[in-house]
Amino acid sequence: MYTGTLFIISAPSGAGKSSLIRAYLQQNNSYPAKVSISHTTREPRPGEQHGEHYYFVNSKQFESLIDKQAFVEYAQVFDHYYGTSIAEIDQSLLKGVNVFLDIDWQGAQQVRKKMPFAKSIFILPPSLPELENRLIKRGQDSQSVIQKRMQKAKAEISHYNEYDYIIINDDFDISLKALSSIITAASLEQPKQAMIHQPLFADLLSPN
Ligand code: 5GP
């Protein structure tokens with residue numbers, strides 16, 4: 001049984017998803033957690049490392065992994081493949097580690113079908129102009145890529161009602177508290193607690 005929780009976290013690029021996840025992992029948490037590292041065929045951005053941000057592979061390598069059924073989900077986003085390998089998440093969930101899938105709505109749909117116990121969280125910007133501002137300030141993408149991301153944002157946002165939780169990321173600290181609360185609540189669910197604390201329950205329920 002998985003004693004870790006699988007969290008699907010989606011958002012239009014620039015909503016603050018990666019910063020929130022990073023901040024969550026840096027704070028002192030009661031529950032161990034990690035971000036699943038996806039495979040992608042897109043080029044690394046400046047500062048991105050293979051095996052840390054993504055496993056950067058070419059299309060041929062990605063397609064061979066599809067053939068081997070190595071992915072719990074994969075999708076084409078912005079003309080590139082992105083996918084989550086089963087090996088990347090399975091061992092962590094078995095060991096009681098919470099796993100975050102930073103994936104888009106297409107991937108989220110596939111994961112929900114295969115792993116209906118996953119909790120899904122959608123992070124939204126407070127407005128479209130603010131989203132564009134954040135993308136410009138991030139300085140990672142050219143103007144044409146930013147325009148493409150803005151067009152994609154509305155399509156992504158239209159899937160908000162498929163998610164269990166919504167966080168509107170206006171104030172970062174409030175959003176971080178909201179994210180932490182969701183993770184805490186999921187980690188405290190009865191079946192997981194009963195499994196993790198088996199000796200305690202045996203002791204508490206012992207006849208004398
Ligand atoms: P970026 O290129 O900015 O890192 O990511 C672009 C989009 O791809 C984001 O919306 C991100 O959530 C999504 N993405 C990243 N990894 C995966 C994955 O493994 N599967 C799917 N379906 N989407 C992913």
Side-chain angles (χ1 to χ4, degrees), residues 6-22 24-25 34-59 61-66 68-90 92-93 99-115 118-125 128 131-132 134-160 162-167 169 175 179:
L6 185 62
F7 293 96
I8 299 166
I9 309 184
S10 306
S13 310
K17 174 182 57 178
S18 305
S19 307
L20 279 170
I21 294 174
R22 206 176 315 119
Y24 175 80
L25 293 174
K34 63 167 253 186
V35 182
S36 163
I37 301 166
S38 298
H39 287 68
T40 185
T41 56
R42 84 150 160 75
E43 291 295 315
R45 297 197 186 110
E48 284 185 335
Q49 302 292 331
H50 178 82
E52 191 183 328
H53 299 91
Y54 281 104
Y55 300 112
F56 294 100
V57 294
N58 60 36
S59 300
Q61 290 168 316
F62 198 100
E63 280 157 9
S64 142
L65 288 167
I66 296 175
K68 287 182 195 148
Q69 304 197 323
F71 292 115
V72 60
E73 64 78 33
Y74 68 92
Q76 251 180 316
V77 188
F78 305 122
D79 310 327
H80 296 293
Y81 279 128
Y82 292 80
T84 308
S85 75
I86 295 167
E88 178 69 22
I89 58 174
D90 198 50
S92 299
L93 292 175
V99 177
F100 301 145
L101 301 185
D102 175 348
I103 59 178
D104 78 327
W105 64 271
Q106 304 172 77
Q109 286 187 346
Q110 295 175 52
V111 174
R112 269 188 217 103
K113 269 194 202 134
K114 287 191 190 153
M115 299 180 158
K119 309 282 177 198
S120 58
I121 306 170
F122 200 66
I123 298 170
L124 285 171
L128 287 176
L131 184 68
E132 190 166 4
R134 290 180 189 175
L135 287 173
I136 294 166
K137 273 199 217 144
R138 190 163 83 170
Q140 281 179 340
D141 300 308
S142 65
Q143 190 54 35
S144 66
V145 172
I146 288 176
Q147 285 321 312
K148 220 171 161 186
R149 288 191 188 278
M150 287 303 293
Q151 282 163 21
K152 270 257 178 186
K154 276 194 186 168
E156 180 92 27
I157 292 167
S158 71
H159 292 272
Y160 77 93
E162 296 164 20
Y163 288 74
D164 299 317
Y165 300 95
I166 302 284
I167 298 175
N169 183 20
S175 300
L179 180 65

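Start at 1 and go down the list; that is how both ligands and their atoms are numbered. The figures here come from the full heavy-atom set of this structure, side chains too, leaving out hydrogens, waters and symmetry mates. On a predicted model such as this, the values are computed, not experimentally measured, just so you know.
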Of all heavy-atom pairs linking L131 and G14, the shortest is CD1-C, 3.5 Å

Here the pair of heavy atoms bringing I86 nearest to F71 is CG1-C, 3.9 Å

Sub-4.0 Å heavy-atom environment of ligand 1, residues by chain | K17, S38, R42, R45, Y54, E73, A75, V77, F78, Y82, G83, T84, D102, I103, D104, G107, R149

So among Y82, F62, Y81, which one has a side chain to side chain contact (heavy atoms under 4.5 Å, CB included) with H39?
-> F62

Who are the side-chain contact (heavy atoms from CB on, under 4.5 Å) partners of N58, not counting sequence neighbours?
-> K60, Q61

Do R149 and F78 meet the cation-pi criteria used here (NZ or CZ under 6.0 Å from the six-membered ring centre, within 45° of the axis)?
-> yes

When the ring centroid of F7 is compared with that of Y165, is the distance short of 6.0 Å?
-> no

